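Everything on this sheet refers to the single structure shown next.
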Amino acid sequence: MRELRNCALVCFLLFIPQRAGAQRNGWIATWAASPQPTAPDPKKPLLNIEDQTVRERVRVSIGGEQICIRLSNEYGSVPLLIGSATVATPTDPASVRPGSIQAVTFGGHNSVTIPAGALVFSDPVAFPVASGGEISISLYFPKRVATPTLHALALKRDAVSQHGDHTRAEKIEAGAVTGSSILVSAVLVPARPSQRLVVAFGDSVTDGDGSTVDADHNWPSALVRRLGNTPEGPKLAVVNEGIVGNRLLNDCFLASIGCFGVSALARFDRDALALPGVTHVVLLEGINDIGFPGAKLGESSLADPANVRTPEDLIGAYRQLISRAHAHGVKLIGATITPFEGVDFPGYYSESKEAVRRAVNKWIRSSGSFDGVIDFDAVLRDPDHPSRLLPRFASEDRLHPNDLGYQAMADAIDLTLFK
């Protein structure tokens with residue numbers, strides 16, 4: 001009897017990873033956004049949801065005949081009820097194409113309760129989407145959402161209804177508009193054997209701050225459009241896991257505006273290594289570790305002036321992320337930190353901080369520690385003043401690129417890095 005029990009245990013242990021592996025190979029992320037907590041604000045629609053529908057849009061990188069949606073209640077303090085959910089083809093933030101609405105189910109049910117701190121995957125939805133196509137996702141929240149999990153800088157206008165379930169309505173009438181998204185953290189499509197996934201992992205320069213709203217002009221989206229004109233396009237998914245204000249080494253939460261996100265070291269597994277199909281990560285992080293100490297955003301201090309970071313601090317964090325990526329068989333591509341002199345946040349820039357940036361960039365370029373390097377600094381800097389962004393590539397705050405700058409970043413990437 002003991003031998004039979006031992007045999008059963010061995011078979012059970014062998015069976016689990018085989019099933020898990022089959023699931024991982026079955027789907028690949030085609031869109032993603034990093035979850036963030038936030039501070040209460042009575043003026044913001046997504047922070048006061050109760051008996052309302054939220055309609056948000058995502059633009060996928062590669063297409064598929066089915067989709068699967070991942071919803072996150074990671075920062076929720078209580079279980080969160082989704083009363084119903086649908087997907088459709090959008091025509092504007094509030095409206096969808098007639099006849100395109102499809103129900104989304106969870107274990108065969110139209111509603112689902114997501115435990116606090118957890119996430120859920122939908123059932124596969126027969127909703128064909130082309131590479132570069134846009135999807136509208138509508139979620140109905142019957143009860144008050146006390147602590148929503150958001151992505152603050154969605155760079156998409158999303159619609160919030162008045163009271164009621166409007167998930168099956170072709171247009172949400174007379175509601176509010178928000179620039180953030182709620183709960184949706186990934187969209188998956190069935191994977192093909194030759195496909196690969198590039199995760200753009202970083203701060204606001206990856207998130208797309210400074211780019212045009214509703215235009216998908218951050219550099220990961222520009223890379224998707226570039227890939228669409230190559231034979232590699234259908235084989236290479238690209239998702240954006242940038243968070244505005246993110247840092248390598250420290251979390252950042254400001255009571256006045258909410259959370260810039262947990263540190264890159266804390267979220268790397270969740271936002272990069274755990275995504276189905278990931279093969280490559282492009283890492284663009286560090287400018288806020290350098291700039292935040294002693295800087296202010298309005299009346300809020302971004303970081304203690306004494307918390308000055310050295311090149312060795314950032315390099316140590318890079319080495320940790322490289323080791324963790326390699327342990328999962330994932331390649332980590334390092335990107336140089338872009339110029340920031342002239343930024344309009346008091347205390348963000350100094351000559352000593354610029355010296356740290358240059359030292360870190362020298363290591364990224366020359367150490368050979370990364371699996372490849374993308375020199376975004378060389379692309380965006382002003383040749384006559386290398387500590388500043390080239391004016392034609394700079395947004396108004398002189399920290400973030402504009403649409404033209406983000407396009408230049410995407411155009412400069414050597415696509416053979418992702419072979």
Side-chain angles (χ1 to χ4, degrees), residues 36 152-155 179 200-213 215 217-222 240 242-250 252 254 256-261 263-264 282-303 305 307-309 314 335-361 364 374-410 412:
Q36 296 173 254
L153 192 71
L155 290 170
F201 185 91
D203 48 45
S204 54
V205 179
T206 295
D207 213 1
D209 201 355
S211 65
T212 301
V213 174
H217 277 167
N218 52 64
W219 74 257
S221 294
N240 188 338
I243 294 181
V244 62
N246 202 221
R247 289 188 284 175
L248 279 165
L249 292 153
N250 293 88
C252 183
L254 301 180
S256 60
I257 62 173
C259 187
F260 284 150
S263 71
V282 176
L283 175 66
L284 177 56
E285 285 264 16
I287 193 168
N288 293 318
D289 296 80
I290 299 169
F292 271 21
K296 284 195 169 185
L297 180 61
E299 297 300 316
S300 300
S301 294
L302 293 175
N307 191 25
V308 174
R309 291 301 184 180
L314 273 68
T336 53
I337 301 172
T338 54
F340 66 110
E341 183 181 356
V343 61
D344 61 5
F345 304 140
Y348 193 96
Y349 176 85
S350 70
E351 291 186 1
S352 61
K353 291 178 178 180
E354 170 64 9
V356 174
R357 184 185 75 91
R358 293 194 184 194
V360 170
N361 280 350
I364 292 172
I374 302 171
D375 200 345
F376 286 146
D377 170 47
V379 174
L380 296 179
R381 69 190 179 210
D382 186 341
D384 298 324
H385 200 133
S387 57
R388 293 181 180 175
L389 292 173
L390 191 66
R392 69 188 182 96
F393 288 157
S395 67
E396 290 183 0
D397 68 9
R398 289 167 288 184
L399 173 62
H400 302 98
N402 56 21
D403 291 355
L404 190 61
Y406 284 123
Q407 185 66 55
M409 293 172 71

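These numbers come from the heavy atoms of this one structure, side chains and all, not from hydrogens, waters or symmetry mates. This one's a predicted model, so the numbers in the text were calculated from it and none came from an experiment.
- For N240 (side chain) and S221 (main-chain N/O), no donor-acceptor pair under 3.5 Å exists by modelled atom type.
- Under 3.5 Å, the side chains of N218 and S211 contain no donor-acceptor pair of N or O atoms.
- Between the side chain of S204 and the backbone N or O of D209 there is no donor-acceptor pair closer than 3.5 Å.
- For the pair R398 (side chain) and R388 (backbone), a donor-acceptor distance under 3.5 Å is absent.
- Side-chain contact between T206 and N246 is absent, with no heavy-atom pair separated by less than 4.5 Å.
- Looking only at side-chain heavy atoms (C-beta outward), L284 and M409 come within less than 4.5 Å of each other.
- Using a distance-only test at 3.5 Å, with no hydrogens or angles considered, no donor-acceptor pair links the side chain of N307 to the main chain of P293.
- Counting only heavy atoms from C-beta outward, the side chains of Y406 and V205 approach each other to under 4.5 Å.
- Side-chain atoms of K353 come within 3.5 Å of backbone atoms of Y348 as a donor-acceptor pair (strictly under, hydrogens ignored).
- Nearest heavy atom pair, residue L404 against residue R392, reads CD2-O, 3.6 Å.
- Remark: the backbone N or O of V244 is paired with a side-chain donor or acceptor of D207 at under 3.5 angstrom.
- Checked by atom type and distance alone, the side chain of D289 never pairs as donor or acceptor with a backbone atom of R247 at under 3.5 Å.
- Between the side chain of S395 and the backbone N or O of H400 there is at least one donor-acceptor pair closer than 3.5 Å.
- At least one side-chain heavy atom of P386 sits less than 4.5 Å from a side-chain heavy atom of R358.
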